[in-house]
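A quick write-up on the structure given underneath.
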Amino acid sequence: MKKISVIGAGFAGLSLSLRLAQKGFEVDIYEQGARVGGLIGTDKNQYGLAEQAANSMIRTANAEALFKDIGLTPLSALESSKKRFIFREKPRPWPLYFSETVQFIGKLVFNLLRGKKNFSPRENETLQSWGYRIIGAPATQFILSPGMQGIYGNATDELSASLILGPLINRKKKDKSQPQYKGIMTGPEGMQDVIDRLEAKLKDLGVRIHLNSNIKVSDLNGPVVVATSAQSASEILKSSHADIAARLSRIQMTSLMSVTVYFSKSQNTYPGFGCLIPRYYGLKALGILMNSYIFAGRDKTYSETWIFGGAHDTSILDMSDAEVLKTIATERFRILGNKEALLDYRIFRWRNALPFYNIELEKTLKELSAQKLPDGLFLHGNYLGGIGLSKILESGDKLAEEIASRYV
């Protein structure tokens with residue numbers, strides 16, 4: 001068996017290690033922390049579940065294969081989760097007025113007819129600039145911007161259109177390697193189920209997991225995969241591959257906060273997956289997940305998860321719990337018109353949690369792709385192939401194929 005080392009035991013490192021072990025590699029995982037899973041985790045309490053970060057993953061063929069391999073029956077979303085809202089004075093399924101809708105459709109069709117070259121993002125073009133150019137200002141402000149900040153945690157005036165939309169627009173129609181949206185899924189007891197089953201399966205396959213490890217790449221023999229955040233990868237590679245580390249250090253990070261709040265009475269005016277909040281209104285929240293309308297049988301009472309943060313909005317992470325809850329109460333009344341008394345809450349603060357998908361990252365990734373990595377060194381993480389567990393899984397499966405083609 002060919003030996004390989006994976007640094008990082010978050011979802012990226014664990015799922016990649018599974019595929020490598022299945023391909024006959026002898027795998028060692030080195031994790032700096034005291035547990036596996038990275039940001040992913042589920043708090044179980046008397047009122048139900050509170051996800052520390054991701055609450056689900058997109059149901060792609062690769063995701064279904066992963067669940068099958070680890071012996072986990074996926075929990076699918078409720079029918080009610082298909083309804084989604086965007087705040088514009090109040091939550092609306094469609095936030096544009098009639099005249100704005102006509103403008104949006106007309107501008108979109110016109111640009112589609114002009115061809116793919118015109119429609120595709122330009123080099124160093126922000127998502128906001130692309131939106132104004134292709135779909136118009138109202139659609140950008142009230143659809144594209146809140147939708148993208150709900151995924152990437154930042155406003156569209158700095159996000160890279162090429163990184164975010166390029167792979168979707170420029171892919172071939174018959175490219176089956178791209179994830180196909182078939183809804184979302186999770187473990188019956190939350191995302192911690194996925195991590196627990198992954199860890200158990202890895203151990204069954206003989207994978208060794210070394211926690212509380214500060215291993216250096218230079219200490220390892222054979223191929224090494226650095227499957228961490230860009231920030232951590234920069235630190236890990238600083239002594240052995242200074243040029244790569246320097247490029248990775250330029251990647252900015254986004255801090256996020258997830259707050260799950262429990263109420264004795266359901267909010268039933270706007271039942272659905274959740275509500276996105278445009279920055280236009282000066283509110284702190286990026287969005288609200290209405291957990292009790294997403295998955296069945298997980299909550300003993302009604303709950304919501306509020307998402308805050310962004311690369312330029314870290315002040316709320318420094319607030320006390322009381323200040324955070326006061327902010328939620330104020331904004332909840334404005335958005336949902338609800339003043340229900342709080343039963344309980346869980347707050348998860350994540351500093352430097354996600355890569356900032358801005359123009360600087362676009363430039364850095366171009367430089368990295370032009371620079372050939374040393375033999376035996378591989379990079380894997382959400383700063384390379386997109387944010388989202390299913391995208392990480394897709395890129396990890398491709399990387400496992402590449403490594404196997406070289407070493408097996």
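The figures that follow rest on heavy atoms only: side chains count, while hydrogens, waters and symmetry mates do not. The structure presented is a predicted model; accordingly, all values stated were derived computationally and were not measured.
Here Trp130 pairs with Phe119 under the ring pair (Phe, Tyr, Trp, His ring centres under 6.0 Å) rule; sequence neighbours left out. Considering only residues two or more places apart in sequence or on other chains, Arg92 meets the side-chain hydrogen bond (donor to acceptor under 3.5 Å, both in side chains) condition with none of them. Qualifying side-chain hydrogen bond (donor to acceptor under 3.5 Å, both in side chains) partners for Gln32, counting only residues two or more places apart in sequence or in other chains: Asn214. For Glu123, the side-chain hydrogen bond (donor to acceptor under 3.5 Å, both in side chains) test picks out Lys366, with sequence neighbours left out.
Of the inter-residue distances, the one linking Leu202 atom CG with Gln22 atom CD reads 9.0 Å to the nearest 0.5 angstrom. Annotation: the span from Ile134 atom CD1 to Leu108 atom CG amounts to 8.5 Å, rounded to 0.5 Å. In this structure, Leu220 CG and Ile7 CD1 are separated by 5.5 Å, a value rounded to the nearest 0.5 Å. Between the CG atom in Leu289 and the OG atom in Ser81 there is a gap of 11.0 Å [rounded to 0.5 Å]. Taking NZ of Lys44 as the start and CD of Gln46 as the end, the distance is 15.5 Å to the nearest 0.5 Å. Atom CG of Leu325 is separated from atom CD1 of Ile347 by 5.0 Å, given to the nearest 0.5 angstrom.
A donor-acceptor contact shorter than 3.5 Å links the side chain of Thr327 to the backbone of Glu323. Without hydrogens or angle criteria, Ser395 side chain to Ile392 main chain gives a donor-acceptor distance under 3.5 Å. The backbone N or O of Asn352 sits less than 3.5 Å from a side-chain atom of Ser255, completing a donor-acceptor pair. For the pair Ser405 (side chain) and Glu402 (backbone), a donor-acceptor distance under 3.5 Å is present. Looking only at distances, no side-chain donor or acceptor of Thr186 sits under 3.5 Å from a matching main-chain atom of Ser56. Under the 3.5 Å distance criterion, the side-chain polar atoms of Arg349 are matched with a main-chain donor or acceptor of Leu317. For the pair Glu31 (side chain) and Ala9 (backbone), a donor-acceptor distance under 3.5 Å is present. In terms of modelled atom types and a separation under 3.5 Å, the side chain of Glu394 and the main chain of Lys391 share no donor-acceptor contact. Side-chain atoms of Thr301 do not come within 3.5 Å of backbone N or O of Tyr47 as any donor-acceptor pair. With hydrogens and angles ignored, the 3.5 Å screen pairs no side-chain donor or acceptor of Thr126 with any backbone N or O of Leu159.
Across Ser292 and Asp299, no two heavy atoms sit closer than the pair OG-OD2, 3.3 Å. For the residue pair Glu340 and Ser264, the shortest heavy atom distance occurs at OE1-OG, 4.4 Å. Nearest heavy atom pair, residue Ala245 against residue Ser234, reads O-OG, 2.8 Å. Taking both residues in full, the closest heavy atoms of Ile169 and Lys116 are given as O-CE, 3.1 Å, listed atom of the first, atom of the second, then distance. When all heavy atoms of Pro355 and Ile251 are compared, the closest pair comes out as CB-CG2, 4.3 Å. The nearest pair of heavy atoms linking Pro121 to Leu165 is CG-CB, 4.0 Å.
Within 6.0 Å of the CD atom in Glu79, the count of heavy atoms belonging to other residues, nucleotides or ligands does not exceed 12. More than 12 heavy atoms of other residues, nucleotides or ligands shown are found within 6.0 angstrom of CG on Asp318. For Lys203, the NZ atom sits in a loose shell: 12 or fewer heavy atoms of surrounding residues, nucleotides or ligands are nearer than 6.0 Å. Within a 6.0 Å sphere centred on OH of Tyr280, heavy atoms belonging to other residues, nucleotides or ligands number 12 at most.
You'll find the side chain of Glu362 reaches within 4.5 Å of the side chain of Asn124, heavy atoms only. Residues Met257 and Ile316 form a side-chain contact, since some pair of their non-hydrogen atoms from C-beta on lies under 4.5 Å apart.
Centroid-to-centroid, the aromatic rings of Tyr302 and Tyr262 stay 6.0 Å apart or farther.
The list of salt bridge (Lys or Arg N to Asp or Glu O under 4.0 Å) pairs with a residue in residues 66-76, not counting sequence neighbours, reads Arg19-Asp69.
Ion pairing of Asp243 with Lys238 is absent here, as no side-chain N (NZ or NE/NH1/NH2) approaches a carboxylate O to less than 4.0 Å. Comment: Glu189 does not engage Arg298 in a salt bridge, judged by the lack of any side-chain N to carboxylate O separation of less than 4.0 angstrom. Using a cut-off of 4.0 Å between Lys/Arg side-chain N and Asp/Glu carboxylate O, Glu64 and Arg59 are scored as salt-bridged. Between Glu331 and Arg334 there is no salt bridge, since no side-chain N of the basic residue sits under 4.0 Å from a carboxylate O of the acidic one. A salt bridge is defined here as a Lys NZ or Arg NE, NH1 or NH2 lying under 4.0 Å from an Asp or Glu carboxylate O, and Arg35 with Glu199 fails to meet this definition.
Stacking of Arg332 on the aromatic ring of Phe263 is recorded, both the 6.0 Å distance cut-off and the 45° axial limit being met. At least one test fails for Lys284 against the ring of Phe308: distance under 6.0 Å to the centre or angle within 45° of the axis.
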Let me see the working for Tyr281 and Glu89 under side-chain contact (heavy atoms from CB on, under 4.5 Å), right down to the final yes or no.
-> CA-CA 9 Å; Tyr281 292 98; Glu89 287 84 41; 3.1 Å; yes
Take Arg351 and Met253, measure what side-chain contact (heavy atoms from CB on, under 4.5 Å) needs, and give me the verdict at the end.
-> CA-CA 8 Å; Arg351 297 190 184 276; Met253 303 296 289; over 6 Å; no
Apply side-chain contact (heavy atoms from CB on, under 4.5 Å) to the pair Phe295 and Leu78, showing each step before the final yes or no.
-> CA-CA 6 Å; Phe295 294 111; Leu78 293 164; 5.7 Å; no
Please walk me through it: do Asn111 and Asn118 pass side-chain hydrogen bond (donor to acceptor under 3.5 Å, both in side chains)?
-> CA-CA 7 Å; Asn111 282 294; Asn118 171 71; 3.0 Å; yes
Could you please spell out the steps behind the side-chain contact (heavy atoms from CB on, under 4.5 Å) verdict for Leu96 and Arg88?
-> CA-CA 9 Å; Leu96 300 185; Arg88 189 172 186 181; 4.3 Å; yes
side-chain hydrogen bond (donor to acceptor under 3.5 Å, both in side chains) between Ser160 and Asn358: does it pass, once the steps are laid out?
-> CA-CA 5 Å; Ser160 164; Asn358 59 1; over 6 Å; no
Can Ser218 and Ser240 be said to form a side-chain hydrogen bond (donor to acceptor under 3.5 Å, both in side chains), step by step?
-> CA-CA 6 Å; Ser218 56; Ser240 57; 5.7 Å; no
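Classified by interplanar angle (parallel below 30°, tilted 30° to 60°, perpendicular above 60°), the ring pair Tyr270/Phe85 is perpendicular.
Counted by atom type alone, Gln371 and Arg247 present one or more donor-acceptor pairs between their side chains at under 3.5 Å.
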In a table with atom names and distances, give each donor-acceptor pair under 3.5 Å that connects a side chain of residues 141-152 to protein atoms at least two apart or in another chain.
from: Ser145; atom 1: OG; to: Thr140; atom 2: O; distance (Å): 2.8
from: Ser145; atom 1: OG; to: Thr156; atom 2: OG1; distance (Å): 2.8
from: Gln149; atom 1: NE2; to: Ile277; atom 2: O; distance (Å): 2.5

